[in-house]
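Since the structure is predicted, the reported quantities are computational estimates derived from the model, not experimental observations. When a ligand or atom number is given, it counts from 1 through the structure's own listing order.
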Amino acid sequence: MYRTHTCGELNLRDTGKEVILSGWVQRSRDLGGMTFIDLRDRYGITQLVFNMETDAPLCKEARKLGREFVIQASGKVRERSNKNLKIPTGGIEIEVNTLNVLNPSKVPPFTIEDDTDGGDELRMKYRYLDLRRNVMKNSLELRHRMAGEIRKYLDQQEFIEIETPVMIKSTPEGARDFVVPSRMNPGQFYALPQSPQIFKQLLMISGYDRYYQIVKCFRDEDLRADRQPEFTQVDCEMAFAGQEDVLNTFEGLAKHLFQKIKNISFNGPFPRIAFKDAMDRYGTDKPDIRFGMELFELTELTGGHNFPVFDDAEYVGGINAENCAGFSRKQIDNLTEYVKRPQIGASGMVWMKWNEDGSFRSSVDKFYDQAALKKWAEKAGARKGDLLLILAGKRVHTQEALSELRLEMGRRLELLRDDEFAPLWVIDFPLLEWDDETTRFYAMHHPFTSPRPEDIPLLETDPAKVCANAYDLVINGVEIGGGSARIHDGELQKKMFGLLGFTDEQAKEQFGFLIEAFTYGAPPHAGVAFGFDRWVAVFAGSESIRDVIAFPKNNAGRDLMIDSPSELSDQQLGELGIMVDEQGTEQ
Ligand code: ASP
């Protein structure tokens, strides 16, 4: 028997028991005649003690143990004189009488501690060691519990989990596909699913009216902290259901998770905000509403004062930093630098202070007198002592920059509390997005999203104005998931493909089976998919989804531990009928 107990369960009630424990050496300390070893496993840490006076040979053995050795120790549980009240096992220790080294360990490349000395790269390379750390263990346990609660809730709601294939044909979620060559069909490739979108719609047509799946999806796109080339979705679809049904059912899921995992209950429904209002009020379609500081627009007040930057701008708007009129020149310059970063891309920033003495001061006093500035303050809903930060330019771009500035101010003023959660639905997304570069429309969500029925006539006359029955769930500024009511009419679907620039042949070639399926009795249906990694990261308070994935990839899409992607042998390439363009592989 390797162990009678884990390293996390013994306490004062067990005093006197003979026990066997197995685990890793977390650390050891020699204090005079005693040696103490912290023994660690998944469940916790238990202190082992060796006494030079009573058993010198054993104590000498113990002194030879290095960090991360795997050992087995047996002995008696006894009360500790120097108790550690921070851990459940801190009241006891094991007076060891036999010690067995199950496997020695090389000195680990970084310390397996909460506060480790290992950098990101090193910890990625030795991920299996990093996973021994408490933070990682807690993340993976959280992930497991969330998946369990999701299954429990959906099961109660009559959803069934159905697996869909991983080797498929391109799905149009807007990213590049990862592809897999087919040896048996030379020159042909499978695509890995960007989502199970098409299959879940087909399942609705097959009559499985409540489907879900916790499923890997693959998108070949540039990576950021909240993106991985392979990630996990909680993918769901309902038939005989529309937007309202989906929002209610999955608001229920969100509330269930908040309750079970975070012990937080929400009274009343989550707020809902239309896409356009989200842009006007927060400058983003994923607003963090833990704090106010909403955007205000000044475009109508700023023209005609001979200040070209504002005169020429499509949009002038700002945010009100309450009680910040005392900001120094340096603090303001620093914010200006912040908005001028290439990622944010503002060309400059105008500020205005409402001083305690009632006067206004701004960086554009040359152009705007006190009366004009007062109007700004009124529009901003400002009070004495406030500071307005103002940007100008193209509408959407400037609103997005203001959104970043707002979040930065939220951080600097410590308005974003980690233990607070502010979920909301963003609804009424536009169906289509125009792209100036390729001069065509793109589906804002995906091509199967249904327009609002009342907007269908606009598809002919003014497609850009058409709103979709689409929705996103946002928590603390993170897009946790999104979905839509679907088109279930083959003709409308064809029209949609046409608007998106597919010829009839292309649409038929790529999605012919779906259009055909619509002709065999497709029920109305709607669905949603949640980014599971993101949801876990938000609950874990992590900035990066990598922290909640056991074996993630780095920003270059590499797994540093298994060293992948890697080259294929000539024989494998030959079998697949693939030739690698050496030029193409050189960076
Ligand atoms: N397939 C969509 C996505 O991955 C979600 C959905 O519409 O259900 O974003």
Between Phe258 and Tyr153, is the ring centroid distance below 6.0 Å? no
Under 4.0 Å between a Lys/Arg side-chain N and an Asp/Glu carboxylate O for Lys553 and Glu230? yes
Taking a 3.5 Å cut-off between nitrogen or oxygen atoms, can you list every pair linking ligand 1 to the protein, with distances?
from     : atom 1 : to     : atom 2 : distance (Å)
ligand 1 : 1 (N)  : Glu173 : OE2    : 2.7
ligand 1 : 1 (N)  : Ser195 : OG     : 3.1
ligand 1 : 1 (N)  : Gln197 : OE1    : 2.6
ligand 1 : 4 (O)  : Arg219 : NH2    : 2.9
ligand 1 : 4 (O)  : Gln233 : NE2    : 2.8
ligand 1 : 7 (O)  : Gln197 : OE1    : 3.3
ligand 1 : 7 (O)  : His445 : NE2    : 2.9
ligand 1 : 7 (O)  : His446 : NE2    : 2.9
ligand 1 : 7 (O)  : Arg486 : NH1    : 2.8
ligand 1 : 7 (O)  : Arg486 : NH2    : 3.3
ligand 1 : 8 (O)  : Lys200 : NZ     : 2.6
ligand 1 : 8 (O)  : Arg486 : NH2    : 2.7

Go through the steps for Asn476 and Arg417 under the test side-chain hydrogen bond (donor to acceptor under 3.5 Å, both in side chains), then give the verdict. CA-CA 10 Å; Asn476 294 2; Arg417 285 185 35 195; over 6 Å; no
Please report the shortest heavy-atom distance between Ser195 and Cys217, naming the atom on each side. CA-SG, 3.8 Å
Against the six-membered ring of Phe178, is Arg176 placed for a cation-pi contact (under 6.0 Å from the centre, within 45° of the normal)? no
Pairs in or reaching into residues 445-472: which pass ring pair (Phe, Tyr, Trp, His ring centres under 6.0 Å), with residues at least two apart or in two chains? His446-Phe448, Phe448-Phe511
